[in-house]
Amino acid sequence: MGEKSVFDSQTNIITDAVVFEEDYTPDEIYCRDEMKTEYVQILRPIYKGRPPKNAFLYGDTGVGKTAVTKFLLEKLADDLEKKHGEQTITANNLSILSSEFPEPHTVASGENADLTVVQLNCQNLPTKGEKGTSYQVAVALVNQFLSEEDELSTTGHAPQAIYNRLYKEIDRLGGTILIILDEVDAIGDDDTVLYELPRSRADGKISEARIGVIGISNDYTFQQNLSPKVQDSLCEREIRFPAYGADQLATILRERADVGLIEGSYSESSLAIIAALARRDSSGSARKAIDILQKAAEIAEDRGKEEITEAFAREAFEEIRKDELIEDIKQQDAHKLNALNALAEAHRLDKVPIRKKTLHSTYSKIVEDNGNKPIAVRSFHNHLNRLVMFGLVNEVTENRGKGGGRYNVYELSQEMTPQAVNKAINETDDISWVDVTYIKDA
DNA sequence: CATCCACTGGAAGATATGGCGA
DNA sequence: TCGCCATATCTTCCAGTGGATG
């Protein structure tokens, strides 16, 4: 053996990095037995060749909604194959359930196709805003059935034409079609597609195929805000996924650690601490807990240690939080970055909390100095509000009463620092008209 | 307890971009 | 080419509002 490469860490704790990745499906899913039982009841008709049921799943992010779905669908595909002894499943996204839209499609043309699973993440619709529309979901679904070169564009069509096209494609495929709409709350107020799909067969829009729709959401209120018509059909069955408790998170971590880490590199107590941190910060997200574990292992490796200590766990937690924050900032558009920049400037000058009007003039100055035209106060107000919703900016309402009036004051939220804003803006690719000259070390 | 300030935030319309089908 | 459609974001207008003040 030759010399050790500089790229190699002194110690190796992680034996299998795949285990920590987003789309890894463990052999067994822990602590979700009740949900699995209910879910099986929903999928059972498909196995028996009966019309599928519609269902609605809800629970916070990282509590296993997608994981259980993927797990059970793979099992269902296996079992169906065993039962019929031939390939009866055409699942376009089954193996890449957590992937992004749009994805290459492998929808089979098969005459034998008894079951087709179509999975769509409504959060990745080609809209710029955070909310998509029913129209876009319909377009995206149609595109799932088409080959890549035939894909429809996302605008320009009459809505009814899209729905008709969708029914045509569904009918052409035939068999049982299970449509899984992940992050379905990302479809704004317009729930047309959720109404149309489950009823399409009853309405005579399709005749060959049977459709089941499973909506997945992390917004508890979403389902309540749906129109009664949709609630009737889509929410035929409901499964609630509660948050993982700290002990459950620890169980999940132990399972991952057993598979992906060297034995002896982790202790029960360090896993318990990671579980507690994730539990507190993210209301029980297994994803978060696993990320922290991975990061802690990496930190330990970098330091040449063979064990994940409590200190590494806490360090990993802090680092992940910081990364998330920077990521959040980087995702903002130029207007919001400029607004954040102005707010960071106000922090440096110790002028916070600052009133919107004052902040707007600071913002205008920065933008004008850079040779660009600032947006009107009202629009600025909108952007600022969005930043508040994202949790990047704090808003406090003050009321000075008669002669003073009511107004809001703003400052960067607690975790935010002017430095974090600078770092994020510097790392942003599109800073074409974000004025970087104002970004200096505080 | 009515007043009244300085805002907030809803609504509507303008502008721009990008795309379809005839 | 023209007319239509979807989306995004800006601007203008203004009714409504919370609560300390008088």
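Only heavy atoms go into these numbers, but all of them, side chains included; no hydrogens, no water, no symmetry mates. Labels below follow one simple rule: chain letters A, B, ... track the order of the sequence lines, proteins then strands, and each chain is numbered from 1. In this text, all values refer to a predicted model and were calculated from it rather than measured experimentally.
- Residue contacts for A:Thr397: at a heavy-atom cut-off of 4.0 Å it reaches no nucleic acid atom on any strand shown.
- Phosphate proximity of C:dC10 to A:His383: present, with a side-chain N or O under 4.0 Å from OP1 or OP2.
- Atom NZ of A:Lys351 sits in a sparse spot, with 12 or fewer heavy atoms from other residues, nucleotides or ligands closer than 6.0 Å.
- Between the C1' atom of C:dC10 and the NE2 atom of A:His360 lies a distance of 12 Å, rounded to the nearest Å.
- Among the heavy atoms of the strands lying under 4.0 Å from A:Ser153 are primed sugar atoms or P, OP1, OP2 only; no base atom is included.
- One finds a side-chain N or O of A:Gln136 lying less than 4.0 angstrom from the OP1 or OP2 phosphate oxygen of C:dT7.
- By the 4.5 Å heavy-atom criterion applied to side chains, A:Phe145 and A:Ile170 are counted as neighbours.
- A:Glu324 is listed as a side-chain neighbour of A:Lys288, based on a closest heavy-atom distance under 4.5 Å.
- Protein atom CG of A:Asn372 is 15 Å distant from nucleotide atom C1' of C:dC10, rounded to whole Å.
- Using modelled atom types, no side-chain atom of A:Glu318 and backbone atom of A:Arg314 make a donor-acceptor pair closer than 3.5 Å.
- Put simply, CG on A:Asn385 is 14 Å from P on C:dC10, counting in whole angstrom units.
- In this structure, A:His360 has its ring center closer than 6.0 angstrom to the ring center of A:Tyr363.
- Between the A:Glu169 side chain and the A:Val142 main chain, no donor and acceptor come within less than 3.5 Å of each other.
- Counting heavy atoms from C-beta outward, A:Arg279 and A:Tyr244 have side chains that stay 4.5 Å or more apart.
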Audit row: A:Glu327, A:Lys330, salt bridge (Lys or Arg N to Asp or Glu O under 4.0 Å) steps and yes/no: CA-CA 5 Å; A:Glu327 268 319 300; A:Lys330 276 159 75 173; 3.5 Å; yes
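- Distance, A:Arg378 CZ to C:dC13 P: 14 Å, rounded to whole Å.
- As judged by a 4.0 angstrom heavy-atom cut-off over every strand, A:Asn382 is placed among residues making no nucleic acid contact.
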Interface polar pairs with nucleotides 19-21 of chain C, N/O, under 3.5 angstrom:
{"from": "C:dG19", "atom 1": "O4'", "to": "A:Asn399", "atom 2": "ND2", "distance (Å)": "2.9"}
{"from": "C:dA20", "atom 1": "N3", "to": "A:Lys402", "atom 2": "N", "distance (Å)": "3.2"}

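- In this structure, the CD1 atom of A:Ile375 is 12 Å from the P atom of C:dT12, given to the nearest Å.
- Atom pair A:His381:NE2 and C:dT12:P shows a separation of 16 Å (rounding to whole Å applied).
- Applying a 4.0 Å cut-off to non-hydrogen atoms, the residues of residues 155-165 of chain A that approach DNA chain C are A:Gly156, A:His157, A:Pro159, listed by residue number.
- Per the geometry, NZ belonging to A:Lys356 stands 10 Å off C1' belonging to B:dA6, to the nearest Å.
- Distance, A:Asn408 CG to C:dG16 P: 20 Å, rounded to whole Å.
- For the pair A:Asn218 (side chain) and A:Glu183 (backbone), a donor-acceptor distance under 3.5 Å is absent.
- Distances shown here put every side-chain N or O of A:Lys357 at or beyond 4.0 Å from the OP1 or OP2 atom of B:dA6.
- Considering only heavy atoms from C-beta on, A:Arg237 stays 4.5 Å or farther from A:Glu38 through its side chain.
- Contact annotation: A:Ser379 side-chain N/O to C:dT9 OP1/OP2 distance is not under 4.0 Å.
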